[in-house]
> 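Take this structure, written in structure tokens, and hold onto it; I'll ask about it next.
If you read the sequence from its start, that first residue is 1, and numbering goes on from there.
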Amino acid sequence: MNQLPDFRDPVWFLVAAGITYAIVMGRYFIIAGIFYLVFYKWQKEKWSASKISPRNYPAGQFRQEIIRSNISSIIFAFTGALMLLGWQTGYIKVYLKGSDYAWWWIPLSGLLALFLQETYYYWLHRWMHIPSVYKLVHKWHHDSQIASPWTAFSFHPLEGLIQAAFLPLLLLVIPMHLYVLIGLLVIMSISSVINHLDIEVYPKWFARHFLGKWLIGATHHSLHHKQYKYNFGLYFTCWDVIGKTESPYYGQLFDEKSPH
């Protein structure tokens, strides 16, 4: 830590934010781009039966999503720089040596973070669908009535702040190994792209598996973009089941669109 520049210096803080922005946008373009090329270009015919919405994307949607994702990435970048500053000053509890905590804490901290983020997002997501809040905060995301891989980071700046706040708040109280943190960021990006793909990639048996049935995919989240009042989860269906907010059409549509 002593070899790093002092991020309390505004210049170095901006440098950190700039590097983080490049990483976040690079991650977005690489992951969303790969999924778009594979499922919408290179293997389009193979996956056409699993396309959830029969309509074509409106002209200009991808461009709008990329612009809005760029705005979100700027917010995520400054949040990342703040986390780096917090780590350097001892507030953010990210550790580098596996021996600093018991070995079992490494996987447990990752699972705990996923559950806590699921809980955080589910209830905030329901709050964002209150009509007065929706118009101010969440409508930008739902302008993409047909989700696409590029929708993954397409948020209003206020929603971007809400999304970005989770990890710093979590790491103020829960210690986490650096590799677990990196793994969580990768999971966030990949799952968001899969959920917004509008092509169901999980096979039919998956939704009936004792673990798979709790995982959200494109069918589940596409119904949210169509119906608004259902399917508020981020990674898992557990809160939708508990809160009775899972779409009654989910099982039938999944069976129709999932590959064999």
> Could you state whether Val186 and Val193 fall into the same hydrophobic cluster, counting links through intermediate Ile, Leu, Val, Met, Phe, Trp or Tyr residues with side-chain heavy atoms under 4.5 angstrom apart?
yes
> Quick one: pull up OG in Ser191 and CG in Leu234 and give me the separation to the nearest 0.5 Å.
6.0 Å
> With sequence neighbours left out, write down each residue that passes ring-ring contact (aromatic ring centres under 6.0 Å, His included) with Trp123, or none if nothing qualifies.
Trp239
> Grab the two heavy atoms, one from Ser69 and one from Ser154, that are nearest each other, plus how far apart they are.
OG-N, 3.4 Å
> Any ring-ring contact (aromatic ring centres under 6.0 Å, His included) involving residues 157-188? Give me the pairs, sequence neighbours left out, ordered by first then second residue.
Tyr95-His177, Tyr120-Phe166, His177-Tyr179
> Output all residues satisfying side-chain hydrogen bond (donor to acceptor under 3.5 Å, both in side chains) with Ser72, sequence neighbours left out; order by chain, then residue number.
none
> Stepwise, does the ring-ring contact (aromatic ring centres under 6.0 Å, His included) test hold for Tyr21 with Phe76?
CA-CA 7 Å; Tyr21 168 77; Phe76 297 160; over 10 Å; no
> With sequence neighbours left out, what residues match Lys51 under salt bridge (charged side-chain N to carboxylate O under 4.0 Å, His left out)?
Asp198
> With the side chain counted from C-beta on, respond yes when Phe155 and Ile71 share a heavy-atom pair under 4.5 Å apart, and no when they do not.
no
> List the residues meeting side chain to side chain contact (heavy atoms under 4.5 Å, CB included) with Leu171, not counting sequence neighbours, and say none if there are none.
Met83, Ile92, Val94, Met176, Leu181
> Keeping to residues at least two apart or across chains, list the salt bridge (charged side-chain N to carboxylate O under 4.0 Å, His left out) pairs with something in residues 63-88.
Arg68-Asp143
> So which residues get pulled into Tyr134's cluster when ILVMFWY side chains under 4.5 Å apart are joined, directly or through others?
Tyr228
> Would you compute the distance between atom NE2 of His141 and atom CE of Met128 and round it to the nearest 0.5 angstrom?
8.5 Å
> Against Ser247, only a single residue in Lys229, Gln252, Gln227 fulfils side chain to side chain contact (heavy atoms under 4.5 Å, CB included); can you say which?
Gln227
> Heavy-atom distance under 4.5 Å between the side chains of His220 and Asp240, does that happen here?
yes
> Ignoring hydrogens and geometry, is there a side-chain-to-backbone donor-acceptor pair from Ser192 to Ser189 under 3.5 Å?
no
> Is it true that Tyr235 and Gln117 share a donor-acceptor pair across their side chains at a distance under 3.5 Å?
yes
> First locate atom CZ of Phe78, then atom CD1 of Ile74, and finally report the distance between them rounded to the nearest 0.5 Å.
8.0 Å
> Run the side-chain hydrogen bond (donor to acceptor under 3.5 Å, both in side chains) test against Trp105 and tell me which residues pass, sequence neighbours left out.
none
> How long is the gap from NZ on Lys46 to CD1 on Ile199, to the nearest 0.5 Å?
11.5 Å
> Output the distance between atom CZ (Phe29) and atom CZ (Arg27), rounded to the nearest 0.5 Å.
13.0 Å
> Does His224 have any ring-ring contact (aromatic ring centres under 6.0 Å, His included) partners at least two apart in sequence or in another chain, and if so, which?
His125, His129, His142, His221, Phe232
> Are Trp12 and Val15 packed together at the side-chain level, in the sense that at least one heavy-atom pair is separated by less than 4.5 angstrom?
yes
> Have a look at Asn195 and tell me which of Ile216, Ile190, Leu215 forms a side chain to side chain contact (heavy atoms under 4.5 Å, CB included) with it.
Ile216
> Among residues at least two apart in sequence or on other chains, which ones pass side chain to side chain contact (heavy atoms under 4.5 Å, CB included) with Lys41?
Tyr36, Leu37
> Can you sort out the partners of Phe236 under ring-ring contact (aromatic ring centres under 6.0 Å, His included), two or more places apart, ordered by chain and number?
none
> Does the side chain of Leu14 come within less than 4.5 Å of Phe7's, by heavy atoms?
no
> Check the angle between the aromatic planes of Trp150 and Tyr28 and answer parallel, tilted or perpendicular using the 30° and 60° thresholds.
perpendicular
> Report the distance from atom CD1 of Ile174 to atom CG of Leu108, rounding to the nearest 0.5 Å.
9.0 Å
> Does Ser222 use its side chain to pair, donor to acceptor, with the backbone of Thr219 at less than 3.5 Å?
no
> Can you tell me if Glu200 and Ser258 form a side-chain donor-acceptor pair at under 3.5 Å?
no
> If you take the centroid of each ring, where Trp contributes its six-membered ring, are Tyr202 and Phe254 closer together than 6.0 Å?
no
> With sequence neighbours left out, write down each residue that passes ring-ring contact (aromatic ring centres under 6.0 Å, His included) with Phe35, or none if nothing qualifies.
Phe39
> Thr151 side chain to Ala147 main-chain N or O, any donor-acceptor pair under 3.5 Å?
no
